[in-house]
Protein chains: 2
Amino acid sequence: MPLTIGVLSKQTGCNIETIRYYERIGLLPGPPRSAGGHRLYGEVHLKRLTFIRRGRELGFTLDDIRGLLGLVDGGAYTCAEVKALTLDHLGEVRRKLADLRRLEQVLKHMVEECDGGAVPDCPVIDALFRATRDRMPVSPGSPRP
Amino acid sequence: MPLTIGVLSKQTGCNIETIRYYERIGLLPGPPRSAGGHRLYGEVHLKRLTFIRRGRELGFTLDDIRGLLGLVDGGAYTCAEVKALTLDHLGEVRRKLADLRRLEQVLKHMVEECDGGAVPDCPVIDALFRATRDRMPVSPGSPRP
DNA sequence: ATGGAACCTGTAGCAACTACAGGTTCAAGG
DNA sequence: CCTTGAACCTGTAGTTGCTACAGGTTCCAT
């Protein structure tokens, strides 16, 4: 009993549009279709999509995931290859953590100096008008959900 | 003595294309032009662009910054308003930090279980094929530079 | 006057989706 | 068998914060 796209969506927590998007970019193989053209997914698709979503949850890019899947598909992957990719990614995550920790400190200091008074003279604004000499990294502001 | 866009770029560390982009989206006012059409910036622009860049470094979105600038431009901002925005953002940063810390743990465990052997049987891959019940947030994979 | 650096506009591209519009198919109820 | 409406289809355009051209013009030092 094959899964429709809606059911697959519910099972994986992955948006329908996103599933079709993964197909378009060649991450998820196009499934067989019903007579009328509806997608009918099987166990394989469920597993693969789960893999992709889990990878995304762990912060891998689609390209990382493509690489991982390539290894798995080839069947010739070694634990060492996968470990290398993962360690790489772990490094990224740690860099990002360090950036955010610094950020947190700066923001914390800024609000601490702010007395919240009703006067238009704010240490935060002042701080923003001053250039940094030791520049902070411009980490991408998270796309607010 | 007005600044050309190239000089402004150097002084602020902001890419020329990005400066023009900020003008296009209405963050940075369009400066006067030379007879031939070149942009000629003044002190005001330098200050404003510095503000924008610093805001970005601190992880504010352009929309946040637009809000902050709106307050400043209005002249009627209070310290409390600014503080609220900043606290909001600090909350975001902290949420992101928490997410990344969890991520770090998971990745660390995964690579620890991985013996790096040459056999195609990897705990990392296995982990990826297993769905999470307690889902992790899909934080955007940082656009690799 | 001339050469080359710096500038101009406009468009298209990146990641990773999301959100339509405008149409077709499926399955359950009457 | 027929209707209804939810679910599906394709294709395109939008999001964020930039960057990267192409193809042309201007500036300024020699």
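Note on naming: letters A, B, ... go to the chains in the order of the sequence lines (proteins, then strands), and numbering restarts at 1 for each one.
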Which whole-number value in Å describes the distance from [X] [atom1] to [N] [atom2]?
X: A:L49; N: C:dC17; atom1: CG; atom2: P; answer: 11 Å
X: A:I65; N: C:dA16; atom1: CD1; atom2: P; answer: 8 Å
X: A:I5; N: C:dT18; atom1: CD1; atom2: C1'; answer: 14 Å
X: A:L27; N: C:dA16; atom1: CG; atom2: P; answer: 10 Å
X: B:I19; N: D:dC18; atom1: CD1; atom2: P; answer: 12 Å
X: A:Y41; N: D:dC8; atom1: OH; atom2: P; answer: 10 Å
X: A:D64; N: C:dA16; atom1: CG; atom2: C1'; answer: 13 Å
X: A:F60; N: C:dA16; atom1: CZ; atom2: C1'; answer: 17 Å

Check your understanding: Just checking A:I25: base, sugar-phosphate only, or nothing, at a heavy-atom cut-off of under 4.0 Å?
Key -> nothing
**Study point:** Interatomic distance, A:E57 atom CD to B:D99 atom CG [nearest 0.5 angstrom]
**Key:**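 These two atoms lie 11.0 Å from each other.
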For [N] and [X] - does any side-chain N or O of the residue sit under 4.0 Å from the phosphate oxygens OP1/OP2?
X: A:R56; N: C:dC17; result: yes
X: A:R39; N: D:dC8; result: no
X: A:Y22; N: C:dC17; result: yes

Mind checking what makes side-chain hydrogen bond (donor to acceptor under 3.5 Å, both in side chains) contact with [X], not counting sequence neighbours?
X: A:R66; answer: none
X: A:E113; answer: none
X: B:R94; answer: A:E104

Exercise for review: Mark yes when over 12 heavy atoms from residues, nucleotides or ligands other than A:E43 sit less than 6.0 Å from its CD; otherwise mark no.
Suggested key: no
**Study point:** Partners passing ring pair (Phe, Tyr, Trp, His ring centres under 6.0 Å) against A:Y41 (at least two apart in sequence or in another chain)
**Key:** A:H45
Practice item. Return the set of residues passing ring pair (Phe, Tyr, Trp, His ring centres under 6.0 Å) with B:Y22 (not counting sequence neighbours), or none when no residue passes. Key: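 Ring pair (Phe, Tyr, Trp, His ring centres under 6.0 Å) list for B:Y22, sorted by chain: empty.
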Practice item. Quick one, give me the B/S/- string for nucleotides 19-30 of chain D, reading 5' to 3', where B means a protein heavy atom under 4.0 Å from the base and S means that only happens at the primed atoms, P, OP1 or OP2. Key: BBB----SS---
